[in-house]
Engineer: 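Below is one structure. I have some questions about it.
Letters go in sequence order (proteins before strands), and every chain restarts at 1. Quick caveat, the model's predicted, so the values are computed rather than measured.
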2 protein chains.
Amino acid sequence: MVTIKDLAKAAGVSPAAVSKALHGHPDISQATRQRILALAAEMNYRPNVLARSLVKQRTTTLGLFVLSRGSEGFLGQFAGPIIGGLMDCATAYGYDIVLFSTPGNGPARGLDADGTAGGEPPASPPPVSHVSYLDLCRERQVEGALILGLRLDDPALPELRESPIPLVLHDVALTGPHVSCIGCDNSHSTFEAVSFLLKLGHRRIGFINGHAQAAVSRERLEGYRQALQAFGVEPDPCLEAAGDFSQESGYRAAAALLELRPRPTALMAASDLMAIGALEALRVQALRVPEDVSLVGFDDIPAAQHLQPPLTTVRQDRYQTGWLAGKTLIEATQGKMVPARIVVPAQLVIRQSTASPAAEARST
Amino acid sequence: MVTIKDLAKAAGVSPAAVSKALHGHPDISQATRQRILALAAEMNYRPNVLARSLVKQRTTTLGLFVLSRGSEGFLGQFAGPIIGGLMDCATAYGYDIVLFSTPGNGPARGLDADGTAGGEPPASPPPVSHVSYLDLCRERQVEGALILGLRLDDPALPELRESPIPLVLHDVALTGPHVSCIGCDNSHSTFEAVSFLLKLGHRRIGFINGHAQAAVSRERLEGYRQALQAFGVEPDPCLEAAGDFSQESGYRAAAALLELRPRPTALMAASDLMAIGALEALRVQALRVPEDVSLVGFDDIPAAQHLQPPLTTVRQDRYQTGWLAGKTLIEATQGKMVPARIVVPAQLVIRQSTASPAAEARST
DNA sequence: CTGTTAGCGCATTCAC
DNA sequence: GTGAATGCGCTAACAG
């Protein structure tokens, strides 16, 4: 590893002079500067970021937490594009990203082929209590962090609110002096989607919600209720079913809702995955979509457009979410004021799973 | 930021003593050790990873490159689960991951809402030539790196082969003293899939390949040819169509293949996305799947099971890929010998897009 | 313009 | 057992 000292020796100057030359400081002669630069290129010198960060007390590094992993969770479906946006943004601003190891989200699957977890013992150097997200940030000296997949029942929530470094939380409406939240306007988007159904003439609209530990569940439910109210439709608690974002739960919730009489003429699911489950339930009951029952999802996952029929749903731009989160974080580290809530545009994508209710249903 | 020095002052000992106590060195009395530990917890001390790495000359950090991004590329579809596996593995071994900013994969989309790229000037400190992947690794002192989305025409290939640090390349069969390749056995998997079609009785099987810059394209094509040969079927160059992994290209390639007479009774696409395009082409020509034409994909993306009909395809376990890549890298950094080729199991998932050819087609 | 000094936070010699 | 000294690679503040 060729260091600044090696360069100095080779050029016959002091290490400090090399540093100055490399950074284009004015107090260095063009001649020696050129010589040093040529030497650096020749010897393939690269600065040690660690050392630089240590002395400058700045790392130009952002942290990224992906909490709900496990192959099929958040990461599988959505994190990819968000990470892509975040990376591209970081690249544009010259920042790096460190992906944090968060113990607790251990293997589960994917264990070594030989069945063991292999490797060295944990080797956790300082046996100081349980490391929190913020502690990880401090250890790594990241200047800000994006947290994906945070749940409302995470015990770290109060601590996060008091974070001394900029934090952006995805889909969790927690705010603090340095904490912002990013996500689409769930309430409003759901309002739009349900309003669309209402405009089509639907009056009995079932809502399949996600689990209560996700902030988006509350918000989407609220949007659903507001839409009904705006159209003067009496809300019916029986029409609000609880799922957990999974396909399986969507199936169950839809099956239950379809037992109701009069049967709902439309179903809105708080995730596309649950909408897919609902679609199954409808198929099992030989109900046609959209002729007998209209269906709307949320997310616009890639599969949505390939369903039979293609699913009407709310599209979120995950890539842009990542980009905006990165931008917010970086600006915050540079001392700029940032909004407590960053809303990412979402839009209703109308496909073929929605139509006006049949006349007889309509009249009920 | 509370440092080891602060602890020393508070405990009335030297910084060195604190370091020893924290690491459980034997040459420190239990009494003072406990005192220091208690103090550390109390003052919420966290070691500075940067400083530690600098002195220990070890970072326990892996690098991750995701080369073909841009919201819809590799990252969108596959990188998520791979990253998940990598992270979980790293967590298990106590490693961290840094996601590299690779200039050149700039914004394209997702630009700031205000249209500008914003932020500070590039501020690239040392104006030393163009930074390569390996240079980034050196700067960050990562001990090994996983590269996703590398293309066969990447000019860095020769340099990578000579890498001084362990590298794992996804789906690129480049090997060197410290370079391994990870991926499924594309040739064999395709062989299996095509053999399945042959066993069903198909004899005219069209193959829709990916672009030539991907190593997997060659390998899959080879598997296709070998299967034909194994069943004594004369290969017909007309049946080999070129795509680029995109849905659009799958549509075009399939449309062309379906012009042939006698018409192929089955199509195999080198990616599910292209299979989806092929499905469209089939629909446009009013050909039924699988009655008129059987269809096989590759990847088993989430949408595959929701197609009409559900797609027979080759499933790759991306999560496991990430895990194995991480394990390989970490073991390599620990001096263990690692295989030059890590093959991740893949399996044919038989759904409803495949069946025996109709009798009349069969006889031709 | 140039070089010397000092220190970022930590771990590892070595004396005491 | 303990603490002082040294250095990881780099940059900042000085002094020449």
Side-chain angles (χ1 to χ4, degrees), chain A residues 1-37 40 43-61 123-126 128 135 137-143, chain B residues 1-37 39-40 43-61 123 125-126 128 135 137-143:
Chain A
M1 188 60 38
V2 32
T3 77
I4 211 171
K5 226 181 262 179
D6 300 325
L7 282 185
K9 204 169 297 174
V13 297
S14 76
V18 175
S19 176
K20 285 178 195 166
L22 257 23
H23 292 282
H25 282 221
D27 56 349
I28 195 97
S29 75
Q30 275 304 319
T32 54
R33 178 158 190 283
Q34 288 305 331
R35 190 156 46 89
I36 292 171
L37 250 38
M43 297 172 69
N44 196 18
Y45 166 78
R46 289 271 89 201
N48 183 328
V49 175
L50 265 44
R52 195 217 307 281
S53 296
L54 186 59
V55 59
K56 292 196 73 165
Q57 299 288 67
R58 288 211 55 201
T59 57
T60 56
T61 298
S124 67
V128 183
D135 284 342
C137 289
R138 285 206 304 154
E139 289 184 4
R140 272 277 171 185
Q141 313 286 117
V142 302
E143 299 183 14
Chain B
M1 188 62 36
V2 33
T3 77
I4 211 171
K5 229 181 261 178
D6 300 325
L7 282 186
K9 205 169 297 173
V13 297
S14 77
V18 175
S19 176
K20 286 177 193 166
L22 257 24
H23 293 282
H25 283 221
D27 56 348
I28 196 96
S29 75
Q30 275 305 319
T32 55
R33 178 160 190 281
Q34 289 305 334
R35 191 156 45 91
I36 292 171
L37 251 37
L39 223 44
M43 297 172 69
N44 195 16
Y45 166 79
R46 289 273 88 203
N48 183 327
V49 175
L50 265 46
R52 196 219 305 283
S53 297
L54 187 59
V55 59
K56 292 196 70 165
Q57 299 287 70
R58 287 211 57 201
T59 56
T60 58
T61 298
V128 182
D135 285 342
C137 290
R138 286 206 303 154
E139 289 184 3
R140 273 275 171 186
Q141 312 289 116
V142 302
E143 300 183 12

Engineer: What is the distance, rounded to the nearest whole Å, between atom CD of A:Gln30 and atom P of C:dC1?
Structural biologist: 9 Å
Engineer: Output all residues satisfying side chain to side chain donor-acceptor pair (under 3.5 Å) with B:Thr32, sequence neighbours left out; order by chain, then residue number.
Structural biologist: B:Ser29
Engineer: Are A:Val2 and B:Arg138 side-chain neighbours, meaning at least one heavy-atom pair lies under 4.5 Å?
Structural biologist: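 A:Val2 vs B:Arg138: side chains touch.
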Engineer: With rounding to the closest Å, how many angstrom separate the P atoms on C:dT5 and D:dT6?
Structural biologist: 14 Å
Engineer: Evaluate the side-chain contact (heavy atoms from CB on, under 4.5 Å) criterion for residues B:Leu39 and B:Tyr45: first the C-alpha distance (whole Å), next the side-chain angles of each, then the deciding distance (0.1 Å), finally the verdict.
Structural biologist: CA-CA 8 Å; B:Leu39 223 44; B:Tyr45 166 79; over 6 Å; no
Engineer: Mapping A:Asp27 and B:Ser14 onto DNA chain D by nearest heavy atom, which one lands closer to the 5' end?
Structural biologist: B:Ser14
Engineer: Take the protein atom CD1 of A:Ile28 and the nucleotide atom P of D:dG16, then report the distance between them rounded to whole Å.
Structural biologist: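 Computing the A:Ile28:CD1 to D:dG16:P distance gives 19 Å.
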Engineer: Counting primed atoms plus P, OP1 and OP2 as sugar-phosphate and everything else as base, spell out the protein contacts along nucleotides 6-13 of chain D at 4.0 Å heavy-atom distance: B, S or - for each nucleotide, 5' to 3'.
Structural biologist: -BBBSSBB
Engineer: In the structure I gave you, are the side-chain heavy atoms of B:Met1 and B:Asn48 within less than 4.5 Å of one another anywhere?
Structural biologist: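 Side-chain contact under 4.5 Å: no.
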Engineer: List in chain and number order the residues that pass side chain to side chain contact (heavy atoms under 4.5 Å, CB included) with B:Gln30, two or more places apart in sequence or in another chain; answer none if no residue qualifies.
Structural biologist: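 Side chain to side chain contact (heavy atoms under 4.5 Å, CB included) list for B:Gln30, sorted by chain: B:Arg33, B:Gln34.
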Engineer: Restricting to side chain to side chain donor-acceptor pair (under 3.5 Å), what partner residues turn up for B:Glu143, sequence neighbours left out?
Structural biologist: B:Arg58
Engineer: Mind checking side chain to side chain donor-acceptor pair (under 3.5 Å) for A:Arg140 and listing every partner two or more places apart, or none if nothing turns up?
Structural biologist: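 Counting only residues at least two positions away or on another chain, A:Arg140 forms a side chain to side chain donor-acceptor pair (under 3.5 Å) with B:Thr61, B:Asp96.
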Engineer: Once you round it to whole Å, what is the distance between P of C:dG9 and CZ of A:Arg140?
Structural biologist: 17 Å
Engineer: So, does A:Thr32 get its side chain near the phosphate of C:dC1, meaning an N or O under 4.0 Å from OP1 or OP2?
Structural biologist: no
Engineer: Where each pair must be Watson-Crick or G-U wobble with both distances under 3.5 Å, what dot-bracket representation of DNA chain D is obtained, with crossing pairs in [ ] and other-strand partners as |?
Structural biologist: |||||||||||.||.|
Engineer: Under the side-chain contact (heavy atoms from CB on, under 4.5 Å) rule, what do B:Val49 and A:Leu50 come out as? Steps first, then yes or no, please.
Structural biologist: CA-CA 9 Å; B:Val49 175; A:Leu50 265 44; over 6 Å; no
